[in-house]
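Here's the structure we're looking at; comments come further down.
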Amino acid sequence: MKLPKAPEPFLKPYSSKESEQQILELWEKSGFANPDVCVEKGVTAPDAPSYSIVLPPPNVTGTLHMGHAAMLAVQDILIRYHRMRGDKTLWLPGTDHAAIATQSVVEKDLLKAEKKTRHDLGREEFLKRVEQFAKESHDTIVGQVRAMGASVDWTREAYTLDEARNLAVRTAFKKMYDAGLIYRGNRIVNWDPKMQTTVSDDEIEYVEQKDPFYYFKYGPFIIGTVRPETKFGDKYIVMHPDDARYKEYKDGQQMEVEWINGKIMATIVKDEAADMSFGSGVMTITPAHSGIDFEIAQKHKLDVEQIINERGILLPIAGDFAGQHIKKARPLVLEKLKNKGLLVKVEEGYVHNVALNSRGGETIEPQIKLQWFVDVNKKFTIPRSEIPGIASGSQTTLKELMRRAVDSGAIKIAPDRFERVYYNWIDNLRDWCISRQIWYGHRIPVWYCLNCKQPAIDAEIKSRWFLVRHGETEANLNRITQGHQDTPLTEQGMAQAKSAGEQLKNQDIELIISSDLGRCKQTAEIIARATGAEVVLDAGFRERFMGDGEGLTYEEHEKRFSPFKDYDDKTAGNMETTRELEERVSQAFAKHKKIHGHKNVVIVSHGGSIRWLLKRVKNLTFEQAKIPPVKGNAEVQSLDMLQTPCPKCSNDLFEQDSDTLDTWFSSGIWTFSTLGWPSFAQSAMKGRPGPENDFANYHPTDVLETGYDILFFWVARMILMTGFLLGTVPFRNVYLHGLVRDARGRKMSKSLGNIIDPLTMIEKYGADAARLSLVVGASPGNDVKLSENRVRGYKHFANKVWNISRFVLESGAEGRGTNAEYTQKDSELIAETQNIAKTISEHIDNFRLDLAADAIYHFVWHRFADEIIEGSKLILKSRDAVAVASRRHTLYMILDTSLRLLHPFMPFVTEAIWQQIPDRKSDLLMVAKWPVI
RNA sequence: GCACCUUUAGCUCAGUGGUAGAGCGUUCCGUUCACAUCGGAAAGGCCGUAGGUUCGAUCCCUACAAGGUGCACCA
């Protein structure tokens with residue numbers, strides 16, 4: 001396993017560009033990143049202790065930045081160190097779908113390039129675009145991870161949105177739901193009116209803003225606000241119970257006040273939430289659009305009325321202002337209040353914080369919405385717990401679990417000051433809203449019975465049925481009522497059918513059942529080509545027979561027959577009634593369901609037929625069914641059949657919740673969803689090789705290494721999820737590195753133009769230099785200021801190491817004849833080297849990689865090169881054979897040890913040198929023994 | 001408002017209860033030597049300010065100041 005012999009290798013200065021690619025291939029071909037291979041090839045003992053890190057999965061939102069590079073460098077150092085120490089070492093890589101972040105990037109591109117929104121494309125098509133983008137990002141990221149020399153085990157690569165992780169997410173959700181920790185409720189949530197989704201508390205960024213502060217007369221009181229446009233529904237006057245100024249007002253007292261749109265019956269509420277020292281000490285509340293107000297309203301059982309809709313438009317309660325956007329309404333409302341003489345005064349420059357969505361920057365508008373939450377305060381019985389202080393079978397809460405995991409010492413956070421930050425966060429933690437109204441992510445694994453709406457939390461789908469309307473026809477185009485008459489698909493219609501086929505291609509369709517009318521048959525055949533499924537025709541799925549109405553335009557038809565006037569309408573004499581149609585289609589559907597219920601089936605039918613079929617299966621009223629569920633040609637609708645029918649009405653047709661889960665839900669189980677949970681969690685055996693035993697071998701992981709900026713987002717949630725699901729901790733140590741900033745300490749950002757790209761640095765100075773520049777001087781938890789100059793400095797060091805090796809090896813030093821007698825001086829040098837090795841090991845064990853790197857750097861350059869080698873030149877030229885032999889051997893030993901010590905920090909150059917050592921003790925330095933036991 | 005962090009050479013940062021160290025930068029000298037991607041040398045610091053503990057403080061304690069971060073509040 002030697003490098004393709006480069007001609008006169010040591011004559012040239014070290015070229016990272018030339019050798020890094022070769023070294024990389026050498027490592028990858030060896031397979032040593034996979035611990036099973038290490039055991040198999042005898043590099044690691046079968047009973048060696050294991051050491052594992054799961055790579056924090058980078059978001060598939062583009063490319064890796066310096067922060068990722070720092071993370072990779074630190075983890076690779078730990079991993080290579082432990083691998084060399086003989087541990088069974090696993091570093092498991094993966095990527096994160098990053099739901100909202102990725103979707104938001106794609107939406108932005110879509111708007112910019114095609115002026116379209118996601119709704120213009122539809123869910124399926126949009127998701128295809130996102131997946132395409134995610135795939136490209138993923139490939140870029142893999143290339144970057146490799147270029148850094150990160151010795152991850154690619155055979156175990158995972159993705160937060162792949163099949164195995166999806167099963168893990170569904171399983172986790174069900175377990176939490178069954179324990180009563182996941183609930184669905186109407187609660188106030190952070191609503192992003194632009195992205196049309198909820199956002200969790202942690203994803204909000206507060207930005208200071210200066211606005212005028214208005215004081216208004218409200219009955220006998222003065223109230224203040226920045227946002228008069230939200231105040232239409234304010235009918236509760238809140239004041240502190242101890243406020244002497246208002247002691248004549250009693251709790252619950254009512255009074256009529258003049259307000260924006262006339263008189264309002266207002267009610268006095270006494271509550272401690274009112275701050276006596278703020279303004280007049282009196283406030284009115286808007287419970288539907290403010291967290292605090294909502295809490296007050298709940299406490300006192302007050303009415304809660306929505307004022308603003310999901311798009312920021314004022315609702316009818318706003319009277320004249322209804323239908324306007326809040327941003328436009330503010331000056332108008334102000335104007336009206338002023339004209340009514342209710343504006344008391346305006347204070348300019350009031351500083352307050354505005355909540356923004358940190359992904360996309362839109363102002364958050366609190367709304368009350370039906371969402372899914374994780375209850376962090378509810379007591380539950382934990383079946384099994386290894387967390388000290390929490391006994392198996394005892395009652396606990398998720399909050400307590402999170403706190404105990406750290407304060408018991410089961411998890412150590414470095415630097416330890418972050419433990420206090422962590423507790424502080426737990427103390428302020430509220431229920432976690434886990435549902436998002438975006439499309440990219442794990443669908444919420446909850447199904448609602450189509451018939452009675454009963455929810456079912458069940459991971460087992462028996463089959464999926466899809467209803468597809470035929471593609472566009474001539475008659476559709478000319479707005480002609482077809483009924484059983486037929487016209488062929490237009491070009492457009494065929495394209496639509498093809499697109500439907502694309503969507504259904506990966507759904508394992510086994511059968512297509514189509515109406516026997518030509519337009520459906522044609523559509524079905526196109527879909528059959530894409531899916532490979534067989535087509536069966538059934539006249540039962542024909543369109544409604546329109547009798548004398550067939551061939552009329554919609555308008556003429558409407559005039560003569562008004563076809564939906566009532567359920568049993570038979571105006572056209574021989575026309576089929578809607579009741580008859582519903583009956584016919586439903587029977588056809590029931591018949592096929594009975595025979596093919598276990599298969600994934602596509603039904604190709606007509607607009608009318610699908611509508612009345614859905615009326616039946618969704619148990620809709622005639623009135624509800626008048627709103628057509630299918631609007632476009634070749635639109636795909638899906639129904640899920642579950643293994644277990646509805647316990648309430650025994651129907652087996654369900655519809656999945658259309659929301660997706662917060663990306664951190666799947667990230668929260670990352671340490672074990674990647675290690676075979678739940679599929680192999682039971683059967684995994686400790687000490688046995690292979691991924692199916694990973695769960696027993698590598699969980700809990702040893703270290704979670706990440707930036708301190710995602711302590712709450714991620715670290716805390718992993719502790720929560722692991723604590724609940726496994727009764728253990730996800731990792732024993734948390735190592736938080738600092739953020740990489742520019743030379744002036746500013747955050748790197750596109751707009752500042754101060755981004756240093758890792759790949760560029762690797763290209764110019766080599767991966768070794770890039771790695772060192774991110775590690776030396778980077779003490780835990782403190783930010784690193786990076787400049788290109790720094791990187792260049794470490795390139796010089798790589799070159800120095802190369803030249804040291806060149807000198808030593810060319811001076812005739814060699815490792816054979818280990819019994820060589822050392823001179824007194826040389827014994828001391830060997831001892832000194834071993835001392836350094838010990839120091840470095842200790843620093844790494846203490847997560848002080850900065851000190852370890854600094855120590856080895858210093859030793860190699862200023863001790864070994866500047867002093868030991870310089871001092872050797874004379875000795876090697878002397879005629880004292882014993883001294884020469886001793887020194888040659890000593891130089892070899894110091895070089896050998898230095899290379900091993902340096903390897904975790906700068907793997908490429910050290911491996912390149914290693915390959916030039918004639919009598920090296922292991923083929924690859926990557927799996928050579930660490931010089932300290 | 002509460003908490004945390006930082007403050008040491010021009011810059012970036014280590015560090016220790018016994019009056020300070022590295023890298024980069026600066027200045028000077030040096031190349032037939034493994035390396036000019038180099039070697040040697042030098043200049044440069046009342047270790048944020050004020051108190052306290054101590055025989056002794058850059059280090060421990062208190063207060064303050066400046067910069068930063070997190071959390072909460074924001075009618």
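Values reported hereafter were calculated over all heavy atoms of this structure, with side chains retained and with hydrogens, waters and symmetry mates removed.
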Practice prompt. Counting Watson-Crick and G-U wobble pairs whose two distances are both under 3.5 Å, find the runs of 3 or more in a row that involve RNA chain B.
Written response: B:1-7 with B:65-71, B:10-13 with B:21-24, B:26-30 with B:38-42, B:48-52 with B:60-64
[N] [atom2] sits how many Å from [X] [atom1], rounded?
X	N	atom1	atom2	answer
A/Arg417	B/A3	CZ	P	17 Å
A/Asn789	B/U37	CG	P	14 Å
A/Asn424	B/C2	CG	P	13 Å
A/Arg741	B/U6	CZ	C1'	12 Å
A/Ile413	B/C4	CD1	P	16 Å
A/Arg420	B/C4	CZ	P	6 Å
A/Ile426	B/G70	CD1	P	19 Å
A/Glu295	B/C73	CD	C1'	12 Å

Report which part of the nucleic acid [X] touches: base, sugar-phosphate, or nothing (heavy-atom distance under 4.0 Å, all strands).
X	result
A/Asp866	sugar-phosphate
A/Tyr236	nothing
A/Ile292	sugar-phosphate
A/Asn428	sugar-phosphate
A/Phe213	sugar-phosphate
A/Ala865	base
A/Phe712	sugar-phosphate
A/Tyr708	nothing

Choosing from [options], which nucleotide comes nearest the side chain of [X]?
X	options	value
A/Lys795	B/A34, B/C38, B/U37	B/U37
A/Asn803	B/A72, B/U37, B/A34	B/A34
A/Phe807	B/A72, B/A34, B/C4	B/A34

Worksheet entry | Salt bridge A/Arg848-A/Glu842, side-chain N to carboxylate O under 4.0 Å | no
Discussion item. Tell me whether A/Lys235 is salt-bridged to A/Asp303, with the criterion being a basic N under 4.0 Å from an acidic carboxylate O.
Written reply: yes
Worksheet item: Centroid-to-centroid, A/Phe908 to A/Tyr14, below 6.0 Å?
Response: no
Discussion item. For A/Phe712 together with A/Tyr422, are the ring centres under 6.0 Å from each other?
Written reply: no
Worksheet item: Just checking, is any N or O donor in the side chain of A/Trp664 or A/Asp202 under 3.5 Å from an acceptor N or O on the other one?
Response: no
Worksheet item: Checking side-chain contact (heavy atoms from CB on, under 4.5 Å) for the pair A/Glu347/A/Tyr214: CA distance, chi angles, key distance, verdict?
Response: CA-CA 6 Å; A/Glu347 220 172 78; A/Tyr214 308 101; over 6 Å; no
[X] (side chain) donor-acceptor with [Y] (main chain) under 3.5 angstrom:
X	Y	answer
A/Arg330	A/Pro228	no
A/Lys340	A/Ile260	yes
A/Tyr857	A/Tyr794	no
A/Arg187	A/Cys433	no
A/Glu203	A/Ser200	yes
A/Asn261	A/Ala318	yes

Discussion item. Treating primed atoms plus P, OP1 and OP2 as sugar-phosphate and everything else as base, which nucleotides of nucleotides 9-15 of chain B get B, S or - for protein heavy atoms under 4.0 Å?
Written reply: ---SSSS
[atom1] spacing across the pair [N] / [M], given as an integer number of angstrom:
N	M	atom1	answer
B/G70	B/G56	C1'	39 Å
B/U53	B/A57	C1'	10 Å
B/G10	B/G48	P	13 Å
B/A43	B/U8	P	22 Å
B/C13	B/C5	C1'	15 Å
B/C47	B/G21	C1'	11 Å
B/A20	B/G45	C1'	9 Å
B/U12	B/U7	C1'	14 Å

Worksheet item: Is the base of B/C35 touched by the side chain of A/Lys800 through a donor-acceptor pair closer than 3.5 angstrom?
Response: yes
Worksheet, complete the sentence: Sorted by position of nearest nucleotide on RNA chain B, 5' first, the leading residue of A/Thr225 and A/Ile869 is A/Ile869
Discussion item. With a cut-off of less than 4.0 Å, is there a side-chain N or O of A/Trp861 near OP1 or OP2 of B/G39?
Written reply: yes
Worksheet entry | Below 4.0 Å: OP1/OP2 of B/A22 and any side-chain N or O of A/His862 | no
